[in-house]
Number of protein chains: 2
Amino acid sequence: MTPRPAGTSAPSTAGPSTTEGTSGVHTEPASAAVRTRSQHQRRKRIVQAAAALASRGGVEAMQMRTVAERAGVALGTLYRYFPSKMDLVVAVVGEEIDLLESSIERRPPSAGTPAGRAVDILMRATRGLMREPELADALIRSLIMAEVDTPFGDRMTDLLLRVAGNGITAETATDEQFALAGSLSSVWVHELLEMLRGRRTHEQIQRRVEIAAARLLADFPVPPST
Amino acid sequence: MTPRPAGTSAPSTAGPSTTEGTSGVHTEPASAAVRTRSQHQRRKRIVQAAAALASRGGVEAMQMRTVAERAGVALGTLYRYFPSKMDLVVAVVGEEIDLLESSIERRPPSAGTPAGRAVDILMRATRGLMREPELADALIRSLIMAEVDTPFGDRMTDLLLRVAGNGITAETATDEQFALAGSLSSVWVHELLEMLRGRRTHEQIQRRVEIAAARLLADFPVPPST
DNA sequence: CGAAAAAGTAGAACAGATTCTATTATTTGT
DNA sequence: ACAAATAATAGAATCTGTTCTACTTTTTCG
């Protein structure tokens with residue numbers, strides 16, 4: 001699941017990566033205990049508000065002031081939780097990826113070859129993202145722009161490794177396999193970008209991803225049988 | 001409200017491309033004729049100023065006000081030539097790519113395999129870009145972000161096709177070869193980004209590009225001999 | 001040449017992200 | 001329960017991209 005201590009509501013500290021380097025511990029006892037009446041899921045409310053706004057007009061519509069307002073917190077508070085707009089975007093993306101992961105758990109790719117399975121989840125992710133083009137655009141772009149680590153590419157690479165590689169994990173994978181899965185992931189991201197730019201159709205992406213996957217994952221382990 | 005009629009009469013002389021989609025002709029008589037005394041290479045001065053600033057502190061340092069000042073033009077004029085900061089960035093990039101191309105002409109890759117040649121030019125490009133990390137960062141990121149066509153990925157793909165594919169061109173290439181070259185190009189761009197984020201060393205990039213190229217360009221035509 | 005068009009200029013104005021301030025809750029430790 | 005610490009809040013202020021205004025200088029051309 002989410003490697004993120006999400007539940008913890010410590011504003012500044014912890015957090016989803018964020019630009020902050022601070023890795024300090026925070027002294028927040030609760031995780032479920034309702035603070036006073038309706039206090040403390042501020043983080044969740046913020047992310048929701050942000051996602052909602054982004055689904056509409058993309059990042060532009062997701063203005064910090066507006067998000068704060070809509071989430072019912074002060075601008076300053078918003079900035080306490082998310083030091084920059086980017087951090088907020090990353091949080092929103094996190095949720096999207098969670099969704100994809102659970103979808104995969106629910107209905108794992110069935111193709112017989114590693115490449116086939118990889119294409120399966122990549123296209124599923126594509127469809128999922130494309131359901132909210134504005135949001136997708138905003139998110140993908142922002143992530144690529146991010147100064148620092150964003151869980152996106154890495155999580156996707158991991159997913160590919162696990163699903164396509166028949167149980168390989170970041171641990172057990174060889175350096176080369178890791179590199180290959182990573183390459184496929186970046187090809188996909190790039191195609192996604194092109195689609196957002198209106199230069200690719202769904203079919204074209206599928207074709208290209210298939211072509212790349214077939215080469216890149218050619219010698220990934222095939223599952224024993226079924 | 002208004003979609004800038006940009007192409008119209010703009011000083012957007014010829015063109016290192018820029019974001020402008022307008023391929024229209026411009027009514028600019030001169031191209032070399034010195035206007036009055038020192039007028040008209042304003043564009044060049046602007047791009048130079050921009051590049052210089054970007055080489056220092058990256059995009060942030062390349063503030064429109066500062067660029068204008070340094071180029072000795074009014075802010076309004078700067079915006080007449082480059083409707084947005086992005087356009088300016090694209091122009092700067094254009095020059096960088098030109099540099100790479102001429103470097104390749106001067107000393108074409110010598111490796112015997114398509115993959116080898118591809119790696120050669122990609123690493124050469126990497127080194128070239130890394131000479132000015134701030135600039136590279138600014139440029140790469142901006143280009144990826146660009147709403148519209150930017151000559152970057154395409155020009156690189158083309159280059160790869162020509163150089164690695166032993167004379168193949170966008171014309172003669174099969175759909176698949178085109179896709180494969182494109183994939184390699186996106187892998188490279190992604191690695192470059194990771195390097196800029198400080199998550200890759202030169203060697204790691206080389207390794208990963210080699211791994212990807214070996215798979216992706218496996219069945220590209222090999223030169224007759226030599 | 002002389003007027004209309006095009007290009008420049010200085011600088012104000014606007015917008016949205018981020019920062020800062022002063023003040024008011026809440027929480028926590030004891 | 002109470003003082004110190006922490007979290008929030010409203011809102012002003014700052015910064016930088018972009019737009020707009022009012023003029024001045026060049027260029028184009030009949």
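Chain letters run A, B, ... following the sequence lines, proteins first and then strands; every chain starts at 1.
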Is there a side-chain polar atom (N or O) of Tyr81(B) under 4.0 Å from OP1 or OP2 of dG8(C)?
yes
Does the side chain of Arg199(B) come within less than 4.5 Å of Leu193(B)'s, by heavy atoms?
no
Taking the side chain as everything from C-beta on, heavy atoms only, tell me whether Pro108(A) gets closer than 4.5 Å to Val163(A).
no
Do Met62(B) and Arg56(B) come within less than 4.5 Å of each other through their side chains, counting heavy atoms only?
no
Can you measure Met64(B) atom CE to dC15(D) atom P for me and round it to whole angstrom units?
19 Å
Roughly how many Å is it from CG in Leu78(A) to C1' in dA10(D), rounded to a whole number?
14 Å
Polar pairs (N or O, both sides) under 3.5 Å between protein and nucleotides 13-15 of chain C?
{"residue": "dA13(C)", "atom": "N6", "partner": "Arg65(B)", "partner atom": "NH2", "Å": "3.2"}

Of the options dA8(D), dT18(D), dT18(C), whose atoms approach the side-chain atoms of Lys85(A) most closely?
dT18(C)
Within the structure provided, determine whether Arg42(A) and Leu78(A) are in side-chain contact (heavy-atom separation under 4.5 Å).
no
Less than 3.5 Å apart, any donor N or O on the side chain of Ser186(B) or Trp188(A) sitting next to an acceptor on the other?
no
Closest nucleotide among dA7(D), dA17(C), dT9(C) to the Thr77(B) side chain
dT9(C)
How many whole angstroms separate atom OH of Tyr79(A) from atom C1' of dT21(C)?
17 Å
Could you tell me whether the side chain of Thr126(A) reaches within less than 4.5 Å of the side chain of Gln206(A), counting heavy atoms only?
no
Rounded to the nearest Å, what distance is computed from the CZ atom of residue Arg80(A) to the P atom of nucleotide dT19(C)?
13 Å
